[in-house]
Each structure stands twice: as structure tokens, then as C-alpha cells.
Amino acid sequence: MSESLIIEGKGEGKPPLQGTVNISGSKNATLPLMAASLLTDAPVQLIDVPDLLDVRIMKKIIINLGARINYQEGNLYLDSSTVNSYSASYRLVTRMRASFLILGPLLARFGKARISMPGGCAIGQRPVDLHWKGLATMGTEFTLGNGYLEASCRQLIGNRIYLDYPSVGATENIMMAATQAQGTTVIENAALEPEIVDLANLLISMGAKVSGAGTPTVKIQGVDKLHGTSHKVIPDRIEAGTYMIAAAMAGKGVKINNILLDHLKPLTAKLGEAGVAVLETSPGEVKILPPESPQRIKAVNVKTMPYPGFPTDLQPQFSTLLTLAEGVSLITETVFENRFRHAEAISRLGADMKIEGNNLVVRGKPRLRGSRVKATDLRGAAALVLAGLAAEGKTEVQDIYHLDRGYEAVDLKLSGLGAKITRQRQTVLPEAPTGKNQNM
Ligand code: EPZ
């Protein structure tokens with residue numbers, strides 16, 4: 001049964017968000033780090049792992065391969081010494097694209113892998129051609145049959161690989177495969193995201209020889225074997241950015257703790273342009289100072305780009321902030337082809353958002369009004385919650401499982417900031433009688 005979040009908006013006179021919220025470990029760092037534990041038969045400990053739906057799915061996938069995993073107080077203990085299969089379950093892999101990240105480690109450890117093709121999802125077609133091409137360049141042979149990809153290679157051979165697009169997942173899969181390849185691999189036009197650097201740091205602590213992570217050229221010198229390690233996951237920059245935007249829309253002096261401000265420069269810059277100040281109150285903590293009234297938020301133009309450009313994962317949330325700005329904003333989405341799905345639902349709350357190709361035109365309005373809306377994807381769901389917090393009256397956000405994929409204890413964290421927010425079973429609306437013979 002799906003669940004909804006019921007949110008009492010800020011509206012006139014409702015208490016805004018106040019206090020401090022703590023950011024969890026990064027989902028998009030945790031998932032590749034979990035996959036990397038397959039590279040060794042020694043135990044790997046990951047510290048500050050968020051309790052999320054996506055992490056639980058990745059746990060199931062790795063356990064189904066024969067590994068042992070337990071999760072205690074935010075720490076994950078992974079032991080892949082008992083892995084006895086290289087085939088990942090169709091049901092689980094098709095639920096979460098990031099499961100494709102086990103491909104590189106399985107090839108490095110066992111020389112083979114059988115994994116279903118990760119389908120597209122709500123935000124785009126999401127091909128894996130760059131993963132495939134990179135691993136093929138290292139000697140992997142692929143066959144595709146009824147939705148499964150069979151990959152095999154006697155020995156991965158280091159090579160020079162140019163990525164047509166700085167794909168995060170392709171960079172991660174190739175890096176992991178290259179750790180135990182014969183010779184050296186050089187990835188050109190590699191992704192620069194902080195999660196790539198965090199993965200490289202884990203691999204190095206396991207004995208891999210990786211240099212250049214965080215730059216467009218990553219070099220990996222193959223070694224015979226990797227050993228176990230213990231690694232602290234970086235804070236989630238997208239969760240942090242989401243709370244920064246919530247604080248800008250509906251907060252008063254909200255503080256956000258456990259963040260790496262360096263990872264949020266594009267957002268901090270854009271918030272500044274919009275008239276929202278971000279003050280570093282102490283190392284790893286910021287205070288958000290929106291203008292006196294939301295209407296003083298200024299319209300700005302945003303274009304999403306690979307890191308260090310403005311992150312696509314904060315586009316739905318930031319475009320929702322701009323629905324309250326003074327003036328017209330233009331948001332250009334260059335990373336995914338269908339990432340404006342939140343616009344329709346936010347418009348039901350009174351916003352003026354028009355999709356024009358890969359642009360979203362947002363004409364600021366003085367207020368939003370609560371309504372019943374349905375989430376369609378993870379970051380779109382976050383945008384709906386932010387809108388509900390800033391709107392007048394009550395908002396019900398349905399299909400909240402989308403949000404639980406990437407935000408740990410979101411209702412508790414928001415309640416901790418004073419939000420009036422409750423989780424409940426979804427109200428199933430009776431189908432309106434159509435007048436037709438119901439017994440057809
Ligand atoms: C990662 O996805 C993140 N997920 C995404 O976060 C994030 O939006 C994305 O990077 C971009 O920053 C995880 O880290 C688990 P890509 P990934 O490969 O690796 C095209 C969230 O909300 N492409 O960099 O799948 C692709 O179609 C999620 O937390 C190819 O053409 O992203 C897209 O247009 C959503 N061929 C672009 O590159 C390929 O082989 C970016 O994809 C691979 C990708």
C-alpha cells in the first residue's frame with residue numbers, strides 16, 4: 001500500500017522551518033562503494049551509510065550473489081569471501097539502475113557477470129553504451145539475450161578509454177574493473193563528481209593504484225589483489241542542497257550540519273544570485289538566510305551540467321524555489337531528457353511553469369496553495385515536499401516511496417525543523433462513477 005506525506009504549509013503566519021538538520025552519508029557514494037566491496041574476499045566496513053530504499057536494494061543484490069552483509073548503527077559490514085554467483089537478479093536490477101555498478105567488480109573478480117539491462121526510468125532513457133564500450137576496450141565480450149547482458153573476459157587488460165560523455169556510472173564501473181586488470185588503464189573525459197573521488201579513496205585504501213580522480217584523466221595501475229578496509233562515506237551533497245533550498249523557501253535561520261560546502265559551490269552561487277545568503281557558521285555547518293519575504297527572491301537562470309556545473313539532481317528542487325521569485329527564470333536541463341516531470345504537479349499548487357523542450361520557464365508568483373499531488377521520481381518528489389512546505393494550506397504528496405529511495409528519515413528531519421508533516425497510508429480515491437454498466 002503506497003504512503004503519502006501530509007504537509008501543513010508555511011502559509012500566512014505558519015511557523016517557518018527553524019533549528020538544525022544533520023545530513024546523512026551520500027546515497028550516490030554509498031552505492032558504488034558497496035559494489036566495490038565485491039573486488040576483495042576480505043571484509044569491508046563502510047561508515048555513515050544512510051538507511052535508504054536504494055541501499056537496501058543494493059544490499060539484497062550483493063547478498064543474492066552469496067556475500068554476507070550486516071548493518072549496525074549506520075555502519076555496513078560487507079564480506080564477499082562467500083560470493084558464489086555472478087548473476088544478478090532481474091527483479092532487483094530492473095528496480096534500481098545503480099545495480100549496474102556490480103558489473104565492473106564481478107568482471108575483475110570472476111571474469112564474468114550476468115546482469116539484466118537496467119531499463120530507462122522516469123527521467124530518461126539512460127543507456128549504458130559507455131560502460132559497455134569501456135569494458136569492451138579492456139577485453140570484455142558481451143552478449144545480450146532476453147533482457148540479460150552476459151559479460152566475460154579471461155583477463156581484463158588495461159587500456160586508454162575516452163568517454164564520449166563524462167558519465168558518472170561508466171567512470172565508476174571502469175575504475176573498479178581496472179583495479180585488477182593487467183597493466184594500466186587511463187580514462188579520459190572522466191566524470192569529476194565528488195562521489196568518484198570518494199570511490200577512488202576507498203579503492204586506494206584497499207590497495208588499488210588510482211590517481212587523478214576528480215580530474216578529467218584518471219589513471220589506474222592494475223594490481224594482483226585488493227585487501228579489506230574501513231571507509232567513511234562523504235556527506236550527501238544532494239540531500240544537503242535539498243535542505244538548503246527548503247530553508248530558502250520556508251525557513252528562518254535554518255542550520256545544516258555535516259556538509260562539505262566545497263561540493264555545493266554551484267548551488268551556493270545560484271542561491272546568492274537569488275538573494276539567499278549561505279553563511280558558514282563553523283566547519284561543516286551553514287546557516288541559510290533567505291530575504292525577509294519569499295517574494296524578494298530574485299529570478300535566476302540555471303543550466304544543469306556535469307560536475308562542477310549545477311547538478312541535475314537539484315534542478316527540480318531549485319526550479320520549485322523559483323516559482324516564488326520575483327520575475328521570470330529559465331531552467332535548462334542538459335543531462336537528462338525528461339527531468340521536468342515535477343512541473344505538472346507543482347503547477348497544481350498554483351505555480352506558473354511551462355516546459356519548452358529542454359527548457360522550463362518559471363514565472364514567479366506570490367504564493368503556492370496546497371493540493372493533492374503524486375510523486376513520479378526521487379528528486380521530483382523532493383520538489384513536491386518543498387512546495388508543500390512553502391504553500392498555504394495542506395498538501396498531500398502521494399507515492400512517497402520515491403522520496404524514501406534517497407532521503408533518510410525525511411519526515412523526522414523536517415519535523416525536527418518544526419514542519420507539520422505526517423506520513424499516512426495513501427487515500428485511495430473511489431473511481432468517480434462513469435455511468436457505464438459496471439458489470440461489463
Ligand atoms: C549518477 O547516475 C547518479 N546516480 C544520478 O543521480 C545523477 O543524476 C547522474 O549520475 C548525473 O550526475 C548515482 O550515482 C547512483 P551518468 P548515472 O552515467 O551514473 C548519459 C539521483 O537522483 N549516459 O552520468 O546513471 C545518460 O543518458 C540520481 O540520485 C550515456 O549516454 O549518470 C545521461 O544523459 C538520478 N551512456 C548522462 O549520460 C552511458 O553509458 C548522465 O548519466 C551512461 C550515461
Side-chain angles (χ1 to χ4, degrees), residues 5 7-12 14 16-17 123 238 241-252 254 266-267 270-276 288 290-304 310-333 338-398 402-403 414 419 421:
L5 281 182
I7 304 163
E8 285 297 331
K10 179 175 80 68
E12 301 302 333
K14 285 266 182 1
L17 301 180
I123 61 177
I238 304 302
T242 304
Y243 282 103
M244 287 165 74
I245 296 167
M249 289 182 75
K252 197 177 176 69
V254 168
L267 175 65
K270 280 296 163 187
L271 283 172
E273 276 180 51
V276 178
I288 308 298
E292 268 318 297
S293 76
Q295 284 70 16
R296 308 307 307 158
I297 289 171
K298 296 189 193 68
V300 293
N301 295 336
V302 182
K303 183 174 185 179
T304 66
F310 191 92
T312 175
D313 293 348
L314 287 174
Q315 177 269 105
Q317 302 91 312
F318 196 77
S319 57
T320 303
L321 164 71
L322 296 173
T323 63
L324 293 170
E326 204 182 15
V328 182
S329 305
L330 178 68
I331 294 108
T332 305
E333 173 57 63
N338 188 22
R339 206 166 200 176
F340 293 138
R341 299 195 54 176
H342 60 293
E344 187 203 335
I346 305 276
S347 302
R348 279 169 56 83
L349 302 180
D352 181 344
M353 297 177 122
K354 293 261 180 317
I355 299 173
E356 291 171 10
N358 72 337
N359 290 315
L360 181 65
V361 180
V362 180
R363 284 180 176 73
K365 308 261 296 269
R367 63 184 59 75
L368 297 173
R369 281 201 173 66
S371 177
R372 177 181 288 127
V373 286
K374 200 179 261 294
T376 53
D377 60 279
L378 165 56
R379 306 303 175 182
L384 298 184
V385 171
L386 299 188
L389 291 168
E392 286 171 14
K394 194 165 85 169
T395 296
E396 176 182 0
V397 181
Q398 299 190 333
H402 288 290
L403 196 66
L414 285 172
I421 185 168

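No hydrogens, no waters, no symmetry mates; every other heavy atom, side chains included, goes into these values. Just so we're clear, the structure is a prediction, and the values are computed from it rather than from any experiment.
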Quiz prompt | Backbone of G350 reached by a side-chain donor or acceptor of K365 within 3.5 Å | solution = yes
Practice problem: Could you tell me the separation between the CG atom of L267 and the CE atom of M244, rounded to the nearest 0.5 Å? | Solution: 4.5 Å
Quiz item: For the side-chain contact (heavy atoms from CB on, under 4.5 Å) test, which of T304, L321, V302, T242 pairs with L314?
Solution: T242
Practice problem: Rounded to the nearest 0.5 Å, what's the gap from NE2 on H402 to CG on L378? Could you check? | Solution: 9.0 Å
Quiz item: How long is the gap from OG1 on T332 to CD on E356, to the nearest 0.5 Å?
Solution: 10.5 Å
Practice problem: Walk me through it: do Q315 and H342 pass the test side-chain contact (heavy atoms from CB on, under 4.5 Å)? | Solution: CA-CA 10 Å; Q315 177 269 105; H342 60 293; 3.4 Å; yes
Quiz item: Does R372 offer a backbone N or O that forms a donor-acceptor pair with the side chain of K394 under 3.5 Å?
Solution: no
Quiz prompt | Minimum heavy-atom distance L322-K298, with the two atoms named | solution = CD2-O, 4.0 Å
Quiz item: L403 versus L5: any side-chain heavy-atom pair under 4.5 Å?
Solution: yes
Quiz prompt | Pair Y243-V254, side-chain contact (heavy atoms from CB on, under 4.5 Å): steps then yes or no | solution = CA-CA 9 Å; Y243 282 103; V254 168; over 6 Å; no
Exercise. Looking only at non-hydrogen atoms, find the nearest pair between P316 and R379 and report the distance.
Key: CB-O, 3.7 Å
Self-check item: Heavy-atom side-chain contact between I346 and L384 under 4.5 Å
Solution: yes
Practice problem: Locate the shortest heavy-atom distance separating G388 from T395; write the atom from each residue and the value. | Solution: CA-OG1, 3.6 Å
Quiz item: Do you know the tightest heavy-atom contact between A248 and P290?
Solution: O-CB, 3.5 Å
Quiz item: Under 4.5 Å between any side-chain heavy atoms of L389 and M249, yes or no?
Solution: no
Quiz item: How long is the span from the CZ atom in R348 to the CG atom in L368, to the nearest 0.5 Å?
Solution: 13.5 Å
Quiz prompt | Closest heavy-atom pair and its distance - V385, L414 | solution = CG1-CD1, 3.7 Å
Quiz item: Considering all heavy atoms of both residues, which atom of M353 and which atom of A343 are nearest to each other, and what is their separation?
Solution: SD-CA, 3.7 Å
Self-check item: Pair D352 + K354: basic N to acidic O under 4.0 Å
Solution: yes
Quiz item: Just how far is it from atom CD1 of I331 to atom CG of N301, taken to the nearest 0.5 Å?
Solution: 8.0 Å
Quiz item: Is the backbone N or O of V300 less than 3.5 Å from a side-chain atom of S329, with the two atoms forming a donor-acceptor pair by type?
Solution: yes
Exercise. Would you please test I245 and T320 for side-chain contact (heavy atoms from CB on, under 4.5 Å) and show each step?
Key: CA-CA 9 Å; I245 296 167; T320 303; over 6 Å; no
Practice problem: State the CZ-CG distance between F318 and L360, to the nearest 0.5 angstrom. | Solution: 12.5 Å
Quiz item: Below 4.0 angstrom, N of the basic side chain to O of the carboxylate: do R339 and E333 qualify?
Solution: no
Self-check item: Under 3.5 Å donor-acceptor, E344 side chain and F340 backbone
Solution: no
